[in-house]
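Single-structure report; data block below.
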Amino acid sequence: MTDMTKDKYKVQFADAVSAASRNLFPDAHKAMGDKELFDSETLYGSLVKPKDASMGRFAFPVFKYAGLLKSKPPEIASKIADEANRILDRSDTASIIRVVAAGGFLNGQVDTSVLTRETLKAVLIGENAYGSSELGKDKTYLVEYSSPNIAKPFGVMHLRSTVLGNSLRRIYKKLGYTTVGINYPGDWGTQFGKMIVAYQKWGTEKDLKGEAVKNLLALYVRFHDEAKTDNSLEDQAREAFKKLEQGDPECVRLWQLFKDVSHAEFDRVYGLLGVEFDWVYGESKLNDKMEPVIQRLEKAGLTEISEGALVVKLPDENLPPVLLRRGDGATLYATRDLAGMVYRWEEYPLFHESLYIVNVAQTDHFKQCMNVIAMLEDAERAPSDHRMSGRMKHVDFGWLRFGDQTMSTRGGNIVLLEEVIDKAAELAREKIVEKNPDLKKIDETAHIIGLGAVIFSQLSLRRQRDIDFQWDEVLSFEGETGPYLQYTHARLCSLMRKYDRPVPVDVDFSLLSGDEEQRVIELLADFPKVIQDAGEQYEPFFISTHLLRLAAAFNKVYQRKDEEGSIDKIISDNDTLTGARIALVKAVQLVINEGLYLLGLEAPEEM
RNA sequence: GCCCCCGUAGCUCAGUAGGAUAGAGCACCGGUUUCCUAAACCGGGUGUCGCAGGUUCGAAUCCUGCCGGGGGUACCA
């Protein structure tokens with residue numbers, strides 16, 4: 001049983017326990033065959049975590065076998081433990097793994113000096129590559145995120161998608177996948193008719209200079225205000241959009257201008273956030289790609305006319321039909337998304353997965369579109385290994401709420417992302433001036449910390465949770481926050497500066513056998529698995545919590561006191577001890593640094 | 001109406017492919033700095049895990065029903 005994605009100690013434990021069980025209970029083995037208790041692979045999968053880390057790294061409950069083995073759980077556990085240890089003694093892993101019975105549990109303990117040595121060496125030699133993998137070799141991940149609307153400001157509501165996607169893109173890269181970060185801004189639809197009318201009525205060239213997007217929003221808001229009394233405005237807007245679709249030069253010119261100023265604005269915000277994309281295209285890019293898809297669907301016999309509209313009806317009765325064309329012939333967003341799905345498959349054939357990081361409200365919409373693609377591939381008899389259906393995933397996330405304040409672009413009530421970042425940076429600045437006034441790059445550091453707080457606030461809970469936007473929570477730098485991790489990182493860097501020598505790799509690892517150090521080691525050892533889990537479940541949050549645990553565990557070591565009540569320092573007169581501890585410091589610094597990178601945060605060396 | 005998600009400490013949340021005494025942060029009270037960054041660390045918790053049944057050796061976790069909150073429900077995106 002070898003698999004690079006598995007914990008080798010766990011594998012050894014599972015092998016020993018299953019072999020021991022076979023030896024001890026041949027009758028039951030015969031009756032049951034190679035499964036559960038008797039199969040190393042299954043056993044590996046059903047390992048749990050001991051209640052207390054000092055009991056071991058993993059555990060296996062034997063309660064359910066009491067009937068089968070005609071014995072009480074504690075007796076079974078202790079028998080198996082003895083036999084498993086005998087087996088281990090005969091193998092070369094003898095000194096590494098121990099099996100200890102505790103009640104009805106079998107606990108697997110890993111020799112701490114071996115775990116410590118192997119873990120620290122892996123981190124120190126791997127540096128930022130620690131935790132990398134070849135899991136995704138020759139596989140491609142498409143990740144769509146952010147996707148704001150043109151001619152509208154970048155509000156905090158776009159933050160979650162942007163930050164989640166940016167992190168996932170980095171995670172898949174780390175795991176060896178080829179990754180394509182996609183931004184798919186909304187640059188088409190009747191709202192552009194409204195914008196064109198509003199601009200022609202009340203706008204001027206100078207609105208497109210300076211704070212252009214703000215001015216455009218003001219025009220958009222004014223349009224909706226005046227439309228309440230002037231019924232002709234909506235008709236004019238529809239007319240303008242029609243002209244835009246038909247390629248009217250003036251309408252196209254204005255639309256292009258709106259796009260240009262918006263993209264300039266978005267690029268600035270992405271620069272502020274440190275967010276990148278590999279492929280940017282707007283909805284308008286799909287204008288000429290919808291008709292071919294409609295034709296394919298028609299040819300496959302999946303379409304029908306219903307209530308005047310061209311639709312695809314779905315077998316799942318809980319899902320409404322997908323509208324390809326309205327009664328007046330116009331296409332809809334589902335049509336565009338279908339065309340987009342096909343487009344991506346054509347550009348990146350056989351992609352491994354294609355993720356849509358979009359709010360939970362669109363769950364049914366994505367289900368519908370993906371169902372249609374599956375039906376199309378069925379109808380066209382696409383070979384099973386050449387199908388995109390099943391590879392597309394809607395990665396949904398909860399709402400960002402603002403208490404009783406209703407957010408609405410139309411009403412002009414919007415919290416600008418930049419406003420949030422600026423406020424956070426300003427607060428961080430005040431704190432630096434108070435705590436560390438001699439710091440060289442105050443403004444730059446303040447931005448990194450403020451932004452760290454904002455980004456982390458979105459990644460410190462599970463995706464599907466709704467978040468109530470609270471200024472004091474986003475602007476908090478204490479406790480489970482981004483700045484806490486950054487602070488810990490800066491302090492680690494400070495230790496390295498003070499030590500100011502090459503980090504020794506061959507140290508006396510037995511000097512790190514204390515409970516506090518071992519907790520740190522364990523968390524370092526688990527880091528690669530955490531990255532994998534985060535990727536598999538689309539949850540950067542797994543990395544967030546892991547880093548918080550790691551930082552807390554290290555801070556405990558850092559501020560530990562001896563019997564006399566004075567701090568047991570990392571750097572002391574004892575060179576051997578200092579060397580071992582500095583190796584630990586360096587390893588923690590590297591992992592926090594890399595973990596923060598995967599989340600999309602910067603790790604300052606001083607703050 | 002129907003479908004989906006959620007309900008854990010005063011607040012915000014972990015823990016949910018069943019496992020050992022349900023954990024963190026915030027807030028609150030107290031302590032730690034002649035000492036490597038106190039954005040930190042240490043101590044202080046009697047929780048109807050929404051309610052009621054069920055399955056199991058074992059349920060916050062799985063099943064059923066109910067209550068409460070949110071979302072979706074064909075010509076907006």
Side-chain angles (χ1 to χ4, degrees), chain A residues 45-46 48-52 55 59-61 63-67 72-73 102-105 107 147 149 186 188-191 283 306-313 316-328 330-334 336-337 358-365 367-368 396 398-399 401 428 431-432 434-436 439 449 453 460-462 464-468 470 472-473 476-481 483-488 490-499 541 545 548-549 551-552 555-561 565-572 578 585 606-607:
Chain A
S46 45
V48 298
K49 254 202 196 112
K51 186 63 208 157
D52 186 336
M55 299 168 102
F60 180 71
F63 303 94
K64 60 153 91 163
Y65 304 102
K72 292 195 165 115
F105 288 90
N107 292 325
S147 304
N149 288 319
W188 203 247
T190 44
Q191 76 259 29
E283 293 180 73
S306 171
E307 298 174 29
L310 182 69
V311 307
V312 176
K313 287 197 173 159
D316 182 346
E317 55 191 31
N318 291 324
L319 290 176
V322 177
L323 269 83
L324 298 175
R325 246 197 258 283
R326 287 197 317 218
D328 65 2
T331 54
L332 289 114
Y333 75 117
R336 230 178 299 280
D337 270 356
V358 180
N359 179 273
V360 64
Q362 297 207 27
T363 302
D364 282 357
H365 163 68
K367 269 193 207 159
Q368 287 175 294
D396 61 337
W399 298 89
R401 299 182 186 288
K431 198 130 198 183
I432 293 171
E434 170 198 333
K435 307 251 175 193
N436 192 3
L439 186 68
I449 296 167
S460 60
L461 72 178
R462 296 198 81 120
Q464 283 156 336
R465 285 268 177 192
D466 291 346
I467 299 180
D468 237 318
Q470 303 282 351
D472 54 350
E473 276 171 24
S476 164
F477 300 157
E478 279 158 32
E480 298 176 329
T481 64
Y484 168 72
L485 294 175
Q486 292 171 319
Y487 177 73
T488 303
R491 210 153 60 171
L492 288 156
C493 289
S494 170
L495 284 168
M496 298 308 301
R497 279 193 301 274
K498 189 174 178 200
Y499 182 71
F541 151 79
T545 41
L548 287 171
R549 287 194 198 109
N555 284 330
K556 217 162 191 164
V557 172
Y558 181 81
Q559 293 191 60
R560 182 174 45 195
K561 291 182 178 169
S566 52
I567 299 277
D568 183 9
K569 291 170 118 189
I570 302 285
I571 298 171
S572 65
T578 301
V585 165
E606 284 181 79
M607 66 187 263

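On a predicted model such as this, the values are computed, not experimentally measured, just so you know. Note on naming: letters A, B, ... go to the chains in the order of the sequence lines (proteins, then strands), and numbering restarts at 1 for each one.
B:C4 and B:C62 have their P atoms separated by 15 Å, with the value rounded to a whole Å. Comparing B:A14 with B:A24, their P atoms sit 16 Å apart, to the nearest whole Å. One C1' atom belongs to B:U46, the other to B:C5, and the distance between them is 32 Å to the nearest Å. Look at the C1' atom in both B:A27 and B:C67: the space between them is 30 Å, to the nearest Å. Comparing the P positions of B:C41 and B:G7 gives an interatomic distance of 28 Å, to the nearest angstrom. Distance noted for atom C1' between B:G68 and B:G50: 7 Å (whole Å). Taking the C1' atom of each, B:C29 and B:A17 are spaced 42 Å apart, rounded to whole Å. Nucleotides B:C28 and B:U34, compared at atom P, are 26 Å apart to the nearest Å.
Side-chain proximity of A:R491 to B:C41, B:A38, B:G71: nearest is B:A38. Set against B:C36, B:A74, B:G71, the side chain of A:W399 has B:G71 as its closest nucleotide. The nucleotide whose nearest atom lies closest to any side-chain atom of A:Y558 is, among B:G15, B:C36, B:A40, B:C36. Comparing B:A77, B:U32, B:U73 by their nearest atom to the side chain of A:Q362 picks out B:A77. When the nucleotides B:U12, B:C13, B:G70 are ranked by their closest atom to the side chain of A:L461, B:C13 comes out on top.
Remark: A:K561 is not in phosphate contact with B:C42, judged by side-chain N or O atoms under 4.0 Å from OP1 or OP2. Distances shorter than 4.0 Å separate some side-chain N or O of A:Y484 from OP1 or OP2 on B:C41. Contact annotation: A:R462 reaches the phosphate of B:G15 (side-chain N/O to OP1 or OP2, under 4.0 Å). Using a 4.0 Å cut-off, some side-chain N or O of A:R465 falls inside it from OP1 or OP2 of B:G7. Residue A:N318 has no polar side-chain atom (N or O) positioned under 4.0 Å from OP1 or OP2 of B:C2.
Put simply, the side chain of A:E307 and the base of B:A74 share a donor and an acceptor less than 3.5 Å apart. Between the side chain of A:T488 and the base of B:A40, no donor-acceptor pair under 3.5 Å is found.
Nearest heavy atom pair, residue A:L332 against residue A:R325, reads CD1-C, 4.0 Å.
Rounded to whole Å, the distance from CG on A:D364 to P on B:C2 is 16 Å. Between A:D472 atom CG and B:A27 atom P the separation is 10 Å, expressed in whole Å. Between A:R336 atom CZ and B:A77 atom P there is a gap of 6 Å when expressed in whole angstrom units. The CD-C1' distance, from A:E317 to B:C2, rounds to 10 Å in whole Å. Rounded to whole Å, atom P of B:C11 lies 13 Å from atom CD of A:E473. Remark: C1' of B:C42 and CD1 of A:I567 are 10 Å apart, rounded to the nearest angstrom. Spacing between atom CD of A:Q464 and atom C1' of B:G70 amounts to 13 Å, rounded to whole angstrom units. In this entry the distance linking CZ of A:R497 with C1' of B:C36 reads 11 Å, nearest Å.
Residues meeting the salt bridge (Lys or Arg N to Asp or Glu O under 4.0 Å) test with A:E478, sequence neighbours left out: A:K431.
Secondary structure note: stems in RNA chain B built from 3 or more consecutive Watson-Crick or G-U wobble pairs under 3.5 Å occupy B:1-7 with B:67-73, B:10-13 with B:23-26, B:28-32 with B:40-44, B:50-54 with B:62-66.
Atom NE2 of A:H365 and atom CG of A:N359 lie 12.5 Å apart (nearest 0.5 Å).
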*Give the B/S/- string for nucleotides 19-24 of chain B, one per nucleotide from 5' to 3', where a protein heavy atom under 4.0 Å of the base yields B, of only the sugar-phosphate yields S, and otherwise -.*
BB--SB
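Within 4.0 Å (heavy atoms only), A:I467 reaches no atom of the nucleic acid at all.
When atom types are taken as modelled, the side chain of A:N555 and the backbone of A:A551 share a donor-acceptor pair closer than 3.5 angstrom.
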